[in-house]
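One structure is given below, encoded as structure tokens.
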Number of protein chains: 2
Amino acid sequence: MDVEELLKEQRLKVTPQRKAIINVLESSDGVLSAQEIFTEVIKILPNINFSTIYRNLDLLLERGILCRITPESGGILYELRREEGHHHHVICKKCGASIPLDYCPMGNIEKELSRKGFTPTEHRFEIYGYCNKCSKKIKE
Amino acid sequence: MDVEELLKEQRLKVTPQRKAIINVLESSDGVLSAQEIFTEVIKILPNINFSTIYRNLDLLLERGILCRITPESGGILYELRREEGHHHHVICKKCGASIPLDYCPMGNIEKELSRKGFTPTEHRFEIYGYCNKCSKKIKE
DNA sequence: CTCCAATTGCAAAAGGTTTGCATTTGCGTT
DNA sequence: AACGCAAATGCAAACCTTTTGCAATTGGAG
């Protein structure tokens with residue numbers, strides 16, 4: 001992925017901070033908290049501030065470069081949007097791995113909703129559990 | 001609903017604070033934040049403290065008396081669990097009305113998950129939009 | 001009625017996120 | 001290549017929500 005290109009497409013300035021944040025997210029195969037992102041980015045840019053992290057996460061989320069996940073257990077997690085178009089996530093509670101899922105349940109209930117007069121604008125469908133690797137570890 | 005009975009079933013002490021919290025949730029037809037619950041309960045019990053609200057929300061949630069909703073936009077919302085068994089929610093972004101939904105999409109993707117070796121433990125499916133009443137108001 | 005564990009109120013702390021402001025910097029323009 | 005300015009950053013403080021320790025109170029079993 002060309003991070004500079006990605007930022008330019010969005011007419012965002014290419015700063016070392018933004019490149020570091022995106023690179024950290026890219027090199028992770030799962031979801032990360034703001035704290036985890038900060039911990040990694042500060043290794044690259046020792047002077048970076050938490051407010052820069054938050055401001056950029058918000059911005060990148062707005063521009064559709066990131067996805068945000070809010071697990072039942074609380075907290076907010078981010079990941080790089082790797083898939084084109086609408087999709088959902090399957091997330092491992094142990095290692096944080098995020099697996100994209102093309103299936104979307106909305107088609108199955110649109111009729112029921114319109115019968116109720118409800119106009120859906122957004123929805124979320126997230127699955128939590130243990131990935132292939134972590135399931136095996138737990139059984140052992 | 002007999003609030004005292006509900007608490008006794010769970011072997012929880014029947015305190016005025018708990019009764020007030022449940023009554024507030026019962027008289028709302030939708031989801032409420034901890035702050036909103038506090039604002040209502042303090043009208044009934046002027047001395048109640050925020051920590052009592054939080055402690056009881058956690059407790060009632062554990063016991064399955066409440067449901068917790070965490071919208072994409074952030075924040076945590078609570079509602080009285082009115083339905084028996086597993087269900088999802090359709091929530092109006094304007095008035096907060098919560099409509100229970102019996103449909104659950106998990107059945108449709110269990111095979112795909114097991115093919116991936118993923119063991120699901122929890123999931124969430126929430127729909128946001130505008131209810132019948134609020135859709136009409138917006139159009140006008 | 002008595003007694004004890006459960007519950008509450010209070011105050012302070014903790015945790016995560018946001019904001020105001022002065023400084024710096026990316027980058028379009030000259 | 002240098003300039004100028006809006007955008008972005010770092011810093012510190014503020015904010016908001018939630019949690020915690022502790023002493024006082026209270027529900028309800030015996």
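Every heavy atom of this structure was used, including side-chain atoms; hydrogens, water molecules and symmetry mates were not. A note on names: the letters A, B, ... follow the listed sequences, proteins ahead of strands, and every chain is numbered from 1.
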Is there a side-chain contact (heavy atoms from CB on, under 4.5 Å) between B:Tyr103 and A:Asn108? Walk through the geometry before answering.
CA-CA 9 Å; B:Tyr103 173 79; A:Asn108 295 330; 2.7 Å; yes
Which residue pairs pass the side chain to side chain donor-acceptor pair (under 3.5 Å) test when at least one of the two sits in residues 49-62 of chain A, sequence neighbours left out?
A:Arg18-A:Asn56, A:Asn49-A:Ser51, A:Ser51-A:Arg55
In whole angstrom, what separates B:Ile53's CD1 from D:dT20's P?
17 Å
For DNA chain C, what residues of residues 31-40 of chain B have any heavy atom nearer than 4.0 Å?
none
Quick check for you: name the first and last nucleotides of DNA chain C, 5' to 3', having an atom under 4.0 Å from a heavy atom of chain B.
C:dA5 to C:dC10
Any side-chain heavy atom of B:Met106 within less than 4.5 Å of one from B:Leu113?
yes
Taking five pairs at each end, how big is the angle between the two axes of the helix from C:dC1-D:dG30 to C:dT30-D:dA1, to 10°?
30°
Exercise: identify the closest heavy-atom pair between A:Thr39 and A:Lys43
O-CG, 3.6 Å
Counting only pairs under 3.5 Å, give me each side-chain donor-acceptor contact of residues 5-12 of chain B, with atom names and distances, residues two or more places apart or in other chains.
none

What string of B, S and - do you get for nucleotides 1-15 of chain D 5' to 3' if you count protein non-hydrogen atoms under 4.0 Å?
-----BSSBBB----
Would you check if B:Ile69 and B:Tyr128 make a side-chain contact, meaning some heavy-atom pair closer than 4.5 Å?
yes
Identify, between B:Val14 and B:Ile76, the residue whose nearest nucleotide on DNA chain D lies closer to the 5' end.
B:Ile76
Any salt bridge between A:Glu122 and B:Lys93, counting N to O under 4.0 Å?
yes
Charged N to carboxylate O under 4.0 angstrom, B:Glu112 versus B:Arg115?
no
Do A:Arg124 and A:Thr70 get their side chains close enough for a donor-acceptor pair, meaning under 3.5 Å?
yes
Side-chain donor-acceptor contact under 3.5 Å, B:His88 with A:His123:
no
Would you check, one step at a time, whether the test side-chain contact (heavy atoms from CB on, under 4.5 Å) holds for B:Ile65 with B:Arg81?
CA-CA 6 Å; B:Ile65 295 173; B:Arg81 176 185 285 271; over 6 Å; no
Are B:Leu45 and B:Gln17 close enough that some pair of their side-chain heavy atoms sits under 4.5 Å apart?
yes
Start with the C-alpha gap between A:Ile127 and B:Ile109, add the side-chain angles, then the distance that decides, and say whether side-chain contact (heavy atoms from CB on, under 4.5 Å) holds.
CA-CA 10 Å; A:Ile127 298 160; B:Ile109 55 155; 2.9 Å; yes
